[in-house]
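Let me begin by presenting the structure, written as structure tokens, before commenting on it.
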Amino acid sequence: MEHLVVHDHIEFRESAMHASRIISDGKCGKKCVWLLFSDGTSVSLTPDKNKSRNKGGKGKKKQVFEAYMSSEEVSAGLKRGELIQGPLRINPKKYHEAFIPSPDGTRDLFLDGVAARNRALNGDIVVVKVLPRDQWKVGPLRSDTDGEGSSEQESGTDRAGAPAGSKVTCSSADVIVEAQYSDGEEEQTHTDALATRVEKMNIKTLGMACIRTNSLFTGVPGGPVVYIMEQKHSRAATGFLRFLSDKNFAMFSPMDHRVPRVNVPLADCPEDFPTRPGDYTNTLFVCRITDWPDDSTFAEGQLLKSLGMAGEIEPETEGILTDYDVDFSDFSDEVLQCLPQDLPWIISPEELLKRRDLREECIFTIDPSTARDLDDALSCRLLPDGNFEVGVHIADVSYFVQEGSALDLIASRRATSVYLVQKVIPMLPRLLCEELCSLNPMTDRLTFSVIWKLTPEGKILSEWFGRSMIRSCVKLSYDHAQSMIDSPDTLLDPKVLPPCDPKHPVDEIHRAVVDLHRLAQKLRAQRFQGGALRLDQLKLAFTLDRETGMPQGCYIYQYRDSNKLVEEFMLLANMAVAHQVYRSFPQQALLRRHPPPQAKLVDDLMEFCDQMGLNLDFSSAGALHRSLHETLGMDEYSSARKEVLTHMCSRPMQMAVYYCTGVLKEEALFRHYALNVPFYTHFTSPIRRYADVLVHRLLATSLGECSGVSDDIQKQASHCNDKKTASKRVQELSCELFFSVFVKECGPLESEAMVMGVLDQSFDVLVLRYGVQKRIYCNVSLENFHFTKVGKKPELTLVWAPDDSDSRCVQQITIFTLVEVLLQADEIPTKYTAVLKHPCEAGISSIYSR
């Protein structure tokens, strides 16, 4: 996706790869439009300075932000195409950078600077002005050489709760790891002047909705945010208080740099704060913004509560949840009244008559050992004709969550369960999550089933959808299933298994698991032969102390055949349901699409791979998967290089999103790039995802079991997208918090690392033992260092100060260089740093002495 750029000087850029390379000349009260070329040259398109709207009079405070338009002006401007509306995304690593998508979805509009955002916060739906073409003129722009990128991936959440003493993954193996995306990737570019082609440019040719041609980037120019259509950000944040002498307010500094500093009344602060401010230096507070005047870079707000000491897990966790607007409050009495009140709950005879009774079938769950919300079960039965009847049985949450009820309202607002390292913030009350809907063993439960007749080669012969009732015979863990897969001819001792229903002996369960595994292998092979892509990244897991909940250890989570077994049949069910609901409701189906990767970032990565001698094929999702898995070696170095390449390939990827089919005009836009399928949805996790509840209702209606379809599917889809993104980020921050505490308690930690990015004064590494990424700065015991770059291939030469032997070590740092690093606690709570070990001590091969 190419990026159009708006700056306090409004800027255009070729792509997000160049975003962090732009710097401002620092002048206020003037807006400039810039075109930045791939070699660093640029064109400034500056509006007539006489048309400035900022006319602050004598004695008045200088206006920092433009006044908002009226709603009538906005409506008219949108109709005329002079304004663009979209959700604001602010880069968490570089808070002066923000993006909104263009209406056609082909590129991003880029806003640089707080003034350009005009008091809008992350997630807000904003309206941006489109500048007229006659306000452009040519001028130079410098290019910076340092920056910080961020790579994020869209991954599923863990399906398990996390009691103390358990093993938990911070970024779990969901049944679908669909897509990954980058927000603010950078590239080093050096230039001092414009190329001669700038002089030959005809500005009149730079019309609206132009395209990139021969390294010249053109596009729709944008102006500042002129209206906030919807304040989606909660305006609440966590941070620290700072005392200001001779002021009747204190300064609140948010930990999230995307939120402005806030003036809060001293009356909101602790009573002894004015006299003993030092006592609160490390105390976390929650503040809510109440106003943000247009003549101030500081917002105004009120202090809501004190969380506790920074660096402690629970206050930090509550701060993370607050920053990302995760509702972790107790469910209200009104909500709880929607649940069955007569316990223990039993299925009524009337309901039994409406469902297919599968209680005599050998059906079981496979989940993490600590899982409490069991929302999917499997069955597999060999038929007399040699084929198999395979079933996926999903908890019928929509039976309990009636549309329009208070329970439905809170579930739709939360939209997803949020999985932290130490606990889960559930979407639904625990009575539903862990009891009434959870497919617990030897208990009658209501389900929605998809049942196929499959050949031994995995070909689908028939398919059935419907409401059912099951009685799971055993709760298997991934470890149990893996043991059966590893030893298909040896039965497990019943003593090592959880209690089993005596109607279904261990050998029957064992045979079903082994048959499912073999079918899953066939299905998986067919998927990847058909062009699917999977980008697995290292995931860190923790063991927690039973008493304190503190991290005792950590390790890389292993994704095994038992995980793949469950994944394949969840994917199959999701695809089958997607086809069913789309056939029934072509204008109202809730599906999930994954757009193709951003073309410019793919081009840059292809050029880099060519220069590095890597034969990666980016022509399609399947081609990339095959080249990643088939062209690299199997030795340890090649495995590490594959991990780095996987991170690099994830950066151009866009996020998979929910959508209503009636919103998109072309069916080709429905496709899921990574899975390489035309239709996909989420059906298999209704306990923890509200989108799945909506899909269950659509499926039931398509089968004639319900009447009517909601008319706000797209609005719900957008909200689920927002909450899923926030949930993923919260999960990542929880993992980072626990790992930083682990480093503090158990460090320093040593590990081999591989370089995955090189800047002019620093480089990024993937720490192989722990799967974390860190930036290492050239401020160690170096005598000198210098940076060079040939094409896309950067290199740092580090000259280490002489040691006792008077020998000088010179170390070459390029992408894929192996180094030894030391992870150690930082002075800032919950932070840790990576330090490069001396190469002579580490024994690294990328050095020589002189």
- Query: Crowded around His257 NE2? As in, over 12 foreign heavy atoms under 6.0 Å?
  - Reply: no

- Assess Arg414 against Phe331: is NZ or CZ under 6.0 Å from the centre of the six-membered ring, and within 45 degrees of the ring's axis? yes

- Message: Check whether Arg258 reaches the backbone of Ile90 with its side chain - one donor and one acceptor, N or O, closer than 3.5 Å.
- Response: yes

- Message: For Phe683, does the six-membered ring have the charged nitrogen or CZ of Arg689 within the cation-pi criterion, i.e. under 6.0 angstrom from the centroid and within 45° of the normal?
- Response: no

- Task: Answer with yes or no whether the side chains of Gln231 and Asp124 bring together a donor and an acceptor at under 3.5 Å.
- Result: no

- Message: Quick test of your reading of the model: are Glu435 and Arg372 salt-bridged, counting only N-O distances below 4.0 Å?
- Response: no

- Message: Can you confirm whether the side chains of His594 and Gln654 place a donor and an acceptor under 3.5 Å from each other?
- Response: no

- Do you see a donor-acceptor pair shorter than 3.5 Å between the side chains of Ser468 and Ser449? yes

- Item | Glu314 atom CD, neighbour heavy-atom count above 12 within 6.0 Å | yes

- Do any N or O atoms from the side chain of Thr548 and from the backbone of Met550 form a donor-acceptor pair under 3.5 angstrom? yes

- Any donor and acceptor pair, going by atom type alone, linking the side chain of His517 with main-chain N or O of Leu565 inside 3.5 Å? no

- Ring centroid separation for Tyr832 and Phe739, is it under 6.0 angstrom? yes

- Message: Check this for me: does any side-chain nitrogen of one of Arg729 and Glu732 sit under 4.0 Å from a carboxylate oxygen of the other?
- Response: yes

- Message: Is any side-chain heavy atom of Asn574 closer than 4.5 Å to one of Val695?
- Response: no

- Task: State which residues pass side chain to side chain contact (heavy atoms under 4.5 Å, CB included) with Asp486; sequence neighbours excluded, sorted by chain then number.
- Result: Gln482

- Minimal heavy-atom distance between Leu439 and Arg445, with the atoms involved, is CD2-CB, 3.8 Å

